[in-house]
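Below: one structure, written as structure tokens.
Fair warning: this is a prediction, and the values are worked out from it, not measured in the lab. Within every chain, numbering begins at 1; the chains are lettered A, B, ... in the order of the sequence lines, protein sequences first and strands thereafter.
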Number of protein chains: 2
Amino acid sequence: MPAMPDLTANDTATLGEVARIAGVSPSTVSRYLNGSARVSEARRQAVEAAIAQLNYRPNMVARSLASGRTSTVGVLTQDIASPFFNEALRGVEDALAESRYAPLFVSGHWNSAEEAERLSLLSARRVDGVVMMHGHIRDEDVQAVARRLPIVMVGRATATLDLPSITVDNRLGAYKATRHLIELGHEDVAFISGPQDHHDAQQRLVGYQDALREAGIVFRESLVAKADFHEATGMLAIHQLLESRASFTAIFAANDQSAYGARLALYRRGIRVPEDVSLVGFDDLPYSSYCVPPLTTVRQPAYEVGWQAGHTVVQMIEGQPYALEPLRVELVVRESTSPRRR
Amino acid sequence: MPAMPDLTANDTATLGEVARIAGVSPSTVSRYLNGSARVSEARRQAVEAAIAQLNYRPNMVARSLASGRTSTVGVLTQDIASPFFNEALRGVEDALAESRYAPLFVSGHWNSAEEAERLSLLSARRVDGVVMMHGHIRDEDVQAVARRLPIVMVGRATATLDLPSITVDNRLGAYKATRHLIELGHEDVAFISGPQDHHDAQQRLVGYQDALREAGIVFRESLVAKADFHEATGMLAIHQLLESRASFTAIFAANDQSAYGARLALYRRGIRVPEDVSLVGFDDLPYSSYCVPPLTTVRQPAYEVGWQAGHTVVQMIEGQPYALEPLRVELVVRESTSPRRR
DNA sequence: CTGTTAGCGCTTTCAA
DNA sequence: TTGAAAGCGCTAACAG
């Protein structure tokens, strides 16, 4: 009987069937599939033919149960729809794809209870490793999982934990942004803050203060307006600042999204950017180069952060050595900043 | 021996161990866990105690292999980092979460070969159902999977396939956008197109043409500039239009991203929006309400599209009836459009 | 209501 | 190099 490919049989052939058709044992098929041992030329061909004929693809679930490995990496993000996380997730995705791991994304929504629950779900699904993007989950909850699984943290220092952590120098980035404004002659530089309990946001405030201090400018609480990394509160921040009659010629917003909000609020009040007020953000979201005017901001290499996280967790899973290279933050000067007018 | 909770034993307890400690059979534990049959009060308590003591969580992999269900839905998207897909993915995520399914996201990157490969991967991972967001994959490839699995299509009509499909009336949306411009007195309305082979993009062109025709305005090829749904080509489109010396007082861009690019190109040339030229987009991305000026656009309920897709696939998986409710597109008038100046 | 008995489809010793 | 056999941890009849 000629082995003509049966195109309708691609339903759910099993390894056992492949073995039977190829006239070999299941172990041989498994060995061929995984390259876990040499298989003779003759049997290799027979197996290949059977696989083609049945249009066979291994059942990953069964494979996972038997081997104890799922070839899956859990990625605990906060909000899959946030422009910042997106770039990073794409980096993770690409890094994992290179090693044939699949990402399993879950969102914690900045809620530690939900994060803990999601982490537990990843564990129940027996992921081989985890990438944790930001979040406020307690160290103990992470620790419980970290004992069994490689975990890479992103954007969070782990005081009590000893886990590889990929961070960006937020303080330095904020310092550069503020210093840029100061060098343009601005002395009254307002700051739109991020969430008070967010580590990155805190560091950005510190960088802002450092730059002021260095220039001999006294830090004034009245020039900082609270926001939470979103556009809406960025707008509010400007309204507040304006209402308080604080005077300023430049604004450093703790992230691009709040800078967008600020920019719109300024537009509504008829205040021009950069002619009347200079504005700088932080993150360099994809959209920032298409704002009007294009936003001067601090580039945070989100894609690279994600890529490095994904790559590192794979190295850990496979027992390979890894090295965390420091990621650079850099100021990207565009058109939302200009010298102070005298 | 008192049953004191052993906090360090939360590693990988098995159902069998729970059963032994509780003094019941594994089936009883399984039944308790799945609620698949009544369990007596006494045993229920014993099982609960054992579970608490061991800090047990079922191994999803084993459960999947035994039951043939993974409680996972594959989501084939094109680009996890695109602002449009994001909103939709969040909708899918939320809908699945309601039914305790986890999404497994994979990206096809608008490449039909890659899509087919990803789809096959989802199948190998034995997802219980699939949501396909757009894409150019061939009907046959989809069909091969659809025979075994519930599939819900999003944003794509399936001519040869009979699958539930969630679409939005792109033609109508484009018609509304163009008509809005015409009602403002604009007669020379340029169109920035999307990718030629993209169904939604084609429909948006048709809607634009329909509105012109209805108003007795003749369609001019010279007023359409090709772009591909991205900001960069949106900019290019404006340069082209300007260079060709075509005259127009309004622009309808096939999506918000290309509208952003157009807006920036206009800014560079010193052409004001909306004073000199009115601009309308399509999608209503989250950012569009924070542009300067806020963009008039056609709201496409991306979140709802995703939610409905997720919800529908779950209904299909569970053999429940489902009904696809038409999703409304609506014009959102903001500040990038104004009456034609005479 | 409960326990016993077979597997789910694959990997992995262990011998040959 | 190859095959046989024993699971991976859970579910799902089938008796009782």
ask   = Would you call A:Arg156 and A:Asp139 a salt bridge, taking side-chain N to carboxylate O under 4.0 Å as the test?
value = yes
query = Would one find a side-chain N or O of B:Thr28 under 4.0 angstrom from OP1 or OP2 of C:dC1?
reply = no
query = How close or far is atom C1' of C:dT2 from atom CZ of B:Arg20, stated in whole angstroms?
reply = 19 Å
query = Between B:Arg38, B:Arg43, B:Arg44, which is the residue that forms a side chain to side chain donor-acceptor pair (under 3.5 Å) with B:Glu41?
reply = B:Arg44
query = For C:dG3, does either OP1 or OP2 sit under 4.0 Å from a side-chain N or O belonging to B:Ser25?
reply = yes
remark   = Separation of C:dC8 atom P from A:Leu15 atom CG, nearest Å, is 13 Å
request  = May I ask you to say what B:Arg69 touches in the nucleic acid, namely base, sugar-phosphate or nothing, with a heavy-atom cut-off under 4.0 Å?
outcome  = sugar-phosphate
ask   = Touch check for A:Ser27, heavy atoms < 4.0 angstrom, all strands: base, sugar-phosphate only, or nothing?
value = base
query = Taking all non-hydrogen atoms of both residues, which atom of B:Thr167 and which atom of B:Ser165 are closest, and how far apart?
reply = CG2-OG, 3.5 Å
message = Taking the six-membered ring for Trp, are B:His311 and B:Tyr322 closer than 6.0 Å centroid to centroid?
response = no
ask   = For B:Arg126, does its backbone N or O pair with a side-chain atom of B:Thr70 as donor and acceptor, under 3.5 Å?
value = yes
ask   = Without hydrogens or angle criteria, can the side chains of B:Gln78 and B:His134 be said to hold a donor-acceptor pair below 3.5 Å?
value = no
request  = Report the residue (A:Ser67 or B:Gly23) whose heavy-atom-nearest nucleotide on DNA chain C is the more 5′ of the two.
outcome  = B:Gly23
inquiry  = Quick one about B:Tyr101 and B:Glu93 (side-chain donor to acceptor, distance below 3.5 Å, no hydrogens or angles considered), yes or no?
reply    = no
message = Would you say that more than 12 heavy atoms from the other residues, nucleotides or ligands in this model lie under 6.0 Å from the CG of A:Asp197, or not?
response = yes
note = At a 4.0 Å cut-off to heavy atoms of chain B, the contacted part of DNA chain D spans D:dG9 to D:dA13
note = Taken to the nearest whole Å, CZ/B:Arg125 to P/C:dC8 is 22 Å
remark   = Atom CG of A:Leu65 and atom P of C:dC8 are separated, to the nearest Å, by 13 Å
ask   = Between residues 29-39 of chain A and DNA chain D, which residues have a heavy-atom gap below 4.0 Å?
value = A:Arg31, A:Arg38, A:Val39
message = For B:Arg118, is there an ion pair with B:Glu115 - N to carboxylate O distance below 4.0 angstrom?
response = no
